[in-house]
Amino acid sequence: MTPLAHIAALPVRAYRLIFSPWVGFNCRYQPTCSAYALEALEKHGAVKGSWLTLRRIGRCHPLGSSGYDPVPPGKE
C-alpha cells in the first residue's frame, strides 16, 4: 500500500474503531463497505481506491441492490 493510500485509509480505520460498534452490522453488501474500502485502497492505490469506495457508498441506499460485491481485481 502506498503512503497516500495509508493516509486515505485512516478515516476508514477510525470509523471501524469508533463508530462501527455503535452503528451495528447493517451493511447491505458483503464484504462490508469499510472492508471494501480498505481492500480497494490496498489493491488500487489512493486515487482509484477512493473512487471505487465512493461509488460503493453511493450504491448503498434503500433502493439499491445488495449481496456479494467484491473489489475489482487490480493490475497485478
Donor-acceptor contact below 3.5 Å, side chain His44 vs main chain Pro72
yes

Hey, does the side chain of Arg16 reach the backbone of Ser34 with a donor-acceptor pair shorter than 3.5 angstrom?
no

Rounded to the nearest 0.5 Å, what separates atom NE2 in His6 from atom CE in Met1?
5.0 Å

Closest approach of Tyr36 to Arg56 (non-hydrogen atoms, all atoms of both residues):
CD1-NH1, 2.6 Å

Salt-bridge criterion met for Asp69 and Arg28 (N-O under 4.0 Å):
no

Heavy atoms only: give me the nearest Cys33-Cys27 pair and the separation to one decimal.
N-SG, 3.5 Å

Is the backbone of Ser65 close enough, under 3.5 Å, to the side chain of Tyr29 for a donor and an acceptor to pair up by distance?
yes

Taking atom CG of Leu52 and atom CD of Glu39, what is their separation to the nearest 0.5 Å?
10.5 Å

If you look at every heavy atom in Leu41 and Ala5, which pair is closest and at what distance?
O-CB, 3.8 Å

Exam field: side chain Arg13 to backbone Leu38, donor-acceptor pair closer than 3.5 Å:
no

Between Thr53 and Ala37, the two heavy atoms sitting closest are OG1-CA, 3.3 Å

Hey, any chance Tyr15 and Ile18 share a hydrophobic cluster, counting ILVMFWY side chains that come within less than 4.5 Å of each other, even indirectly?
yes

Where do Thr2 and Ala46 come nearest, in terms of heavy atoms and distance?
OG1-N, 4.5 Å

